[in-house]
Q: 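Quick one: this structure, given as structure tokens, is what I'll be asking you about.
The figures here come from the full heavy-atom set of this structure, side chains too, leaving out hydrogens, waters and symmetry mates. Here is the naming used below: chain letters follow the sequence lines, and residue numbers restart at 1 for every chain.
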Amino acid sequence: MNRLSEIFYKQDAVTVAEKLLGKILVRTFDDGTTLRYRITETEAYLGEEDEACHASKGKTERTKVMYSEGGKVYVYLIYGMYWLLNVVTGEENNPQAVLIRGIENIVGSGKVGRALQMNKSFYGEDLLTSTRIYIENAPETKKVTVAPRVGIDYASPEWRLKNWRFILESDSTKE
DNA sequence: TGCACGATCTCG
DNA sequence: GAGATCGTGCAT
């Protein structure tokens, strides 16, 4: 096992979002089944100033985990139906997170949450110590495409147009 | 205590 | 193009 370190998660969300591409998301279930997927698409949400970030509304029951130091899981229910998986990044009291939008063969944040059977019990889960979900290191990747984030039309152009969505093209593992 | 809405997906 | 479906946040 080669689990990503606390140092990795303490970087800012934009950096972590790009570096997470190609890393291995590991999910182990109660029956011992383990799923391992390469992360293929992410989005960064950076601080209270970022109008697209849930923390732009300040610290609430839902967003408080983003105020902890990097390495925690932030999950939330969207449209009453899908649990979206995020990774908290940065230092304590600097609310940031990276949304996992896609993993191998599963494109779409809602589908990722469903495939990994996310639920509220994962809120605040520690990726550094958890046995049921964590992320393993993997070689750096190339051919990363950037694009604006999705589903945040409510944000002003300054934030809506930032290229904080990162997509790993297929066959782009370095070496 | 109530109500509007959302970092989505699927079907038609 | 619209419906499914419900916790959260803020107004009442």
Side-chain angles (χ1 to χ4, degrees), chain A residues 4 8-23 25 27 35 37-91 93-127 133-135 144-170:
Chain A
L4 288 176
F8 180 90
Y9 293 114
K10 280 192 165 183
Q11 300 170 101
D12 70 273
V14 176
T15 301
V16 172
E18 180 164 12
K19 288 189 175 178
L20 273 180
L21 293 178
K23 300 294 189 285
L25 181 57
R27 170 81 169 94
L35 299 179
Y37 291 109
R38 277 207 314 168
I39 296 172
T40 55
E41 185 172 337
T42 60
E43 274 179 6
Y45 290 87
L46 189 53
E48 292 184 340
E49 307 78 30
D50 179 4
E51 294 174 15
C53 181
H54 289 159
S56 64
K57 300 282 197 307
K59 195 172 187 175
T60 67
E61 272 304 299
R62 183 176 64 154
T63 63
K64 63 184 181 185
V65 72
M66 274 198 274
Y67 288 77
S68 55
E69 64 183 15
K72 301 290 197 299
V73 169
Y74 167 41
V75 289
Y76 68 93
L77 183 67
I78 189 66
Y79 301 115
M81 196 167 302
Y82 300 103
W83 287 93
L84 300 202
L85 171 62
N86 298 251
V87 175
V88 175
T89 73
E91 300 288 343
N93 289 319
N94 189 340
Q96 308 179 5
V98 174
L99 170 65
I100 308 298
R101 289 198 66 87
I103 53 183
E104 281 175 287
N105 301 316
I106 303 174
V107 178
S109 50
K111 290 196 274 189
V112 169
R114 193 176 56 190
L116 300 179
Q117 296 179 33
M118 288 293 105
N119 58 64
K120 190 172 179 75
S121 75
F122 283 85
Y123 186 90
E125 189 90 355
D126 189 348
L127 292 168
I133 187 168
Y134 59 91
I135 304 175
V144 173
T145 300
V146 299
R149 295 173 290 179
V150 175
I152 54 163
D153 289 348
Y154 54 82
S156 65
E158 176 190 356
W159 298 100
R160 177 158 40 84
L161 300 176
K162 284 190 183 300
N163 285 325
W164 284 354
R165 177 180 169 210
F166 300 90
I167 305 153
L168 180 62
E169 301 304 310
S170 50

Q: State the pairing partner of dT5(C); accept Watson-Crick or G-U wobble contacts with both distances under 3.5 Å, and report none otherwise.
A: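 Across all strands, not a single nucleotide pairs with dT5(C).
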Q: Please state how far atom CH2 in W159(A) lies from atom P in dA7(B), giving the value in whole angstrom units.
A: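 Going from CH2 in W159(A) over to P in dA7(B) covers 16 Å.
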Q: For Y82(A) and for K120(A), find the nucleotide of DNA chain C with the closest heavy atom, then tell me which residue's nucleotide is more 5'.
A: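 Looking at DNA chain C, the more 5' nearest nucleotide goes with Y82(A).
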Q: Round to the nearest Å and state the distance from I78(A) atom CD1 to dA4(C) atom P.
A: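 The answer, rounded to whole Å, is 18 Å.
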Q: Of the candidate nucleotides dC6(C), dA7(B), dT8(B), which contains the atom at the shortest distance from the side chain of L77(A)?
A: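 Nearest to the side-chain atoms of L77(A), counting from C-beta on, is dC6(C).
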Q: Using a cut-off of less than 4.0 Å, is there contact between a side-chain N or O of R160(A) and OP1 or OP2 of dA7(B)?
A: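 Negative; the distance criterion is not met.
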Q: Tell me the interatomic distance from I106(A), atom CD1, to dC9(B), atom P, rounded to whole angstroms.
A: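 Whole-Å distance recorded here is 12 Å.
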Q: For this output row, return yes or no: ring centroids of H54(A) and Y45(A) closer than 6.0 angstrom.
A: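 Between H54(A) and Y45(A), the centre distance exceeds or equals 6.0 Å.
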Q: Answer with base, sugar-phosphate or nothing: what part of the nucleic acid does R62(A) contact at a heavy-atom distance below 4.0 Å?
A: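 Contact class for R62(A): sugar-phosphate only.
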Q: Can you measure D153(A) atom CG to dT8(B) atom C1' for me and round it to whole angstrom units?
A: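 D153(A) atom CG is separated from dT8(B) atom C1' by 13 Å.
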Q: Consider only side-chain N and O atoms of S56(A) and E48(A), and report whether a donor and an acceptor are under 3.5 Å apart.
A: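 Checked: S56(A)/E48(A) side chains show no N/O donor-acceptor pair below 3.5 Å.
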Q: May I ask whether Y79(A) stacks on the base of dG6(B), given the cut-offs of 5.5 Å between ring centres and 30° between planes?
A: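 So no, this residue does not stack on that base, at least one cut-off failing.
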Q: Could you tell me if Q96(A) and N94(A) have a donor-acceptor pair between their side chains, going purely by distance under 3.5 Å?
A: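 There is such a pair (donor and acceptor under 3.5 Å, judged by atom type) between the side chains of N94(A) and Q96(A).
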Q: So what does G108(A) touch, heavy atoms closer than 4.0 Å: a base, only the sugar-phosphate, or nothing?
A: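 Contact class for G108(A): sugar-phosphate only.
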Q: Which part of the nucleic acid, if any, lies within reach of I152(A) when heavy atoms closer than 4.0 Å are counted: base, sugar-phosphate only, or nothing?
A: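 The residue I152(A) makes sugar-phosphate contact but no base contact.
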Q: What is the distance, to the nearest angstrom, from the CG atom on L85(A) to the P atom on dA7(B)?
A: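 Checked: the CG to P distance equals 16 Å.
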Q: Among the candidates dA4(C), dA7(B), dC9(B), find the nucleotide nearest to the side-chain atoms of R114(A).
A: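 Selected nucleotide (nearest to the side chain): dC9(B).
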Q: Looking only at side chains, do E169(A) and T145(A) share a donor and an acceptor under 3.5 Å apart?
A: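 Present: a donor and an acceptor within the cut-off.
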Q: If I take atom OH in residue Y74(A) and atom P in nucleotide dT8(C), what distance separates them, rounded to the nearest angstrom?
A: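 Going from Y74(A) (OH) to dT8(C) (P), I get 10 Å.
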Q: Is E43(A) touching bases, backbone alone, or none of the nucleic acid, heavy atoms closer than 4.0 Å?
A: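 E43(A): no heavy atom of the nucleic acid under 4.0 Å.
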Q: Thinking salt bridges, do R149(A) and D50(A) make one under a 4.0 Å N-O criterion?
A: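 D50(A) and R149(A): salt-bridged.
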Q: Which part of the nucleic acid does G80(A) contact within heavy-atom distance under 4.0 Å: base, sugar-phosphate only, or nothing?
A: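 Base contact - G80(A) has a heavy atom under 4.0 Å of at least one base atom.
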Q: From CG of L99(A) over to P of dG6(B), roughly how many Å is that when rounded to an integer?
A: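 L99(A) atom CG is separated from dG6(B) atom P by 16 Å.
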Q: Quick one: is K111(A) getting a side-chain N or O under 4.0 Å of the dA7(B) phosphate, OP1 or OP2?
A: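 So the side-chain polar atoms of K111(A) never come under 4.0 Å of the phosphate oxygens OP1 or OP2 of dA7(B).
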Q: Which whole-number value in Å describes the distance from Y123(A) OH to dG7(C) P?
A: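 Rounded to the whole Å, the gap is 15 Å.
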